[in-house]
Amino acid sequence: IKEKDESIEQIKSSVSLQDHREKILTIPNVLTMARIVSSPYIGYLIVQQNYGLALCGCVVFGLTDALDGYIARKYNMQSFVGSIIDPAADKVLMTTLTVALAYGGLLPGVLAGVIVGRDVALSLAAFVVRWATLPGPKTLKRYFDLSIPSVEVRPTVISKWNTALQLALMSATLVAPVCGVPADWPGLVALQWATGATTVVSGLGYLVSKDAVHRLTKAEVAKRIPKPHILPKKKN
């Protein structure tokens, strides 16, 4: 009977881990989703040659990026969803800025192709990893249910440098026409080369790094399960 009870408890534990749902609408996640939604508007401003307002939008984007990260760490709001959509928000903005600036002739087409190509490749790889690490049963409904944790994406050091360089390049490229700086200014060209090089290296880094994509263990998933409120037993 004891063995039977233990078996039942193991089954219950397994089911609870597989069916665990994380809270999606946290403050950090809402801020991140707001950045994703606002990115196309920044691209629209660039196409309309409203570079000053677009630059202000990028500054707000960077401030909210730092703010949601601080809130997530300070108040223990880190989540699987956040680890996915936070870097995705950066990629959406970078892709939007890259395409818009290249369209306006402010960014070399080759560099734009490298940046966008890397992001597309990483996005396709993320779809494959999500399916491979999804707890069973594997269905499309569960696949697109981001409240079911399976992996955490951990940016590499070179990837963080690349993100910083991309932000610096996009900001400098936006500032240049406002301040009358030519597109072939040596400092801007050097920044373009540095950004292109780190883009390629960081993309390869995700393929060879063992820490970039971390599959959550059962113990790590268990820690994310909210503890139920247990009422005290009444004394007879």
Side-chain angles (χ1 to χ4, degrees), residues 26-72 81-124 126 153 155 158-203:
T26 61
I27 294 176
N29 289 347
V30 170
L31 289 174
T32 301
M33 286 185 274
R35 296 204 307 274
I36 294 176
V37 173
S38 64
S39 292
Y41 180 67
I42 296 178
Y44 170 77
L45 292 175
I46 296 173
V47 172
Q48 296 299 314
Q49 298 184 356
N50 195 340
Y51 303 121
L53 191 56
L55 183 60
C56 292
C58 290
V59 172
V60 174
F61 189 102
L63 291 175
T64 56
D65 190 12
L67 178 61
D68 69 50
Y70 170 78
I71 294 175
V81 176
S83 74
I84 297 297
I85 65 174
D86 186 66
D90 294 336
K91 299 312 173 189
V92 169
L93 178 64
M94 288 300 105
T95 301
T96 301
L97 293 178
T98 300
V99 173
L101 291 171
Y103 177 83
L106 299 176
L107 199 67
V110 175
L111 177 59
V114 170
I115 294 174
V116 174
R118 168 190 175 271
D119 291 343
V120 170
L122 291 178
S123 298
L124 293 176
V153 179
I158 187 64
S159 177
K160 293 179 180 179
W161 276 104
N162 176 246
T163 300
L165 285 172
Q166 285 190 13
L167 285 172
L169 175 61
M170 301 306 165
S171 300
T173 305
L174 283 174
V175 169
V178 176
C179 299
V181 178
D184 59 351
W185 181 60
L188 193 57
V189 173
L191 186 57
Q192 292 172 356
W193 277 98
T195 302
T198 55
T199 298
V200 174
V201 174
S202 63

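Remember, it's a predicted structure, so these values are computed and weren't measured experimentally.
I27 CD1: 12 or fewer foreign heavy atoms inside a 6.0 Å radius.
To the nearest 0.5 Å, atoms CG (L191) and CD (Q166) are separated by 10.5 Å. Here the CG-OG1 distance, from L111 to T195, works out to 6.5 Å after rounding to the nearest 0.5 Å. Residue I71 holds its CD1 atom at 9.0 Å from OG1 of T26, rounded to the nearest 0.5 Å. To the nearest 0.5 Å, the span separating CG on L45 from CG on L53 amounts to 5.0 Å. Expressed to the nearest 0.5 Å, how far NZ of K91 lies from CZ of R118 amounts to 4.0 Å. To the nearest 0.5 Å, the span separating OG1 on T173 from CG on L97 amounts to 9.5 Å.
Formation of a donor-acceptor pair under 3.5 Å by the R35 side chain with backbone atoms of A89 is not found in this model.
Two residues are said to be in side-chain contact when any heavy atoms from C-beta on lie closer than 4.5 Å; T95 and I115 fail this criterion. For the pair Q192 and P108, the minimum side-chain heavy-atom distance is below 4.5 Å. In this structure the side chain of L165 never reaches within 4.5 angstrom of the side chain of T199, judged on heavy atoms.
If you run side chain to side chain contact (heavy atoms under 4.5 Å, CB included) between N162 and each of T198, V200, L167, only T198 comes through. Residue L101 is tested with L106, T96, V47 for a side chain to side chain contact (heavy atoms under 4.5 Å, CB included); the sole match is L106.
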Margin query: side-chain contact (heavy atoms from CB on, under 4.5 Å), that's the test. Do M170 and T98 meet it? Break it down for me.
Written below: CA-CA 8 Å; M170 301 306 165; T98 300; 3.2 Å; yes

- request: Run the numbers on L93 and I42 for side-chain contact (heavy atoms from CB on, under 4.5 Å), then give the verdict.
  value: CA-CA 8 Å; L93 178 64; I42 296 178; 4.0 Å; yes

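Closest of all the heavy-atom pairs between L188 and A183 is CD2-O, 3.7 Å. For the pair T32 and D68, the tightest heavy-atom approach, listed with the atom from each and the gap, is OG1-OD2, 3.4 Å. The shortest non-hydrogen separation linking G43 to A100 is O-CB, 3.8 Å. Taking all atoms of both residues into account, the shortest heavy-atom contact from S202 to S159 is CB-CA, 3.9 Å. When every heavy atom of D90 is checked against every heavy atom of F61, the shortest pair comes out as OD1-CE2, 3.6 Å. Closest heavy-atom contact between I36 and I85: CD1-O, 4.1 Å.
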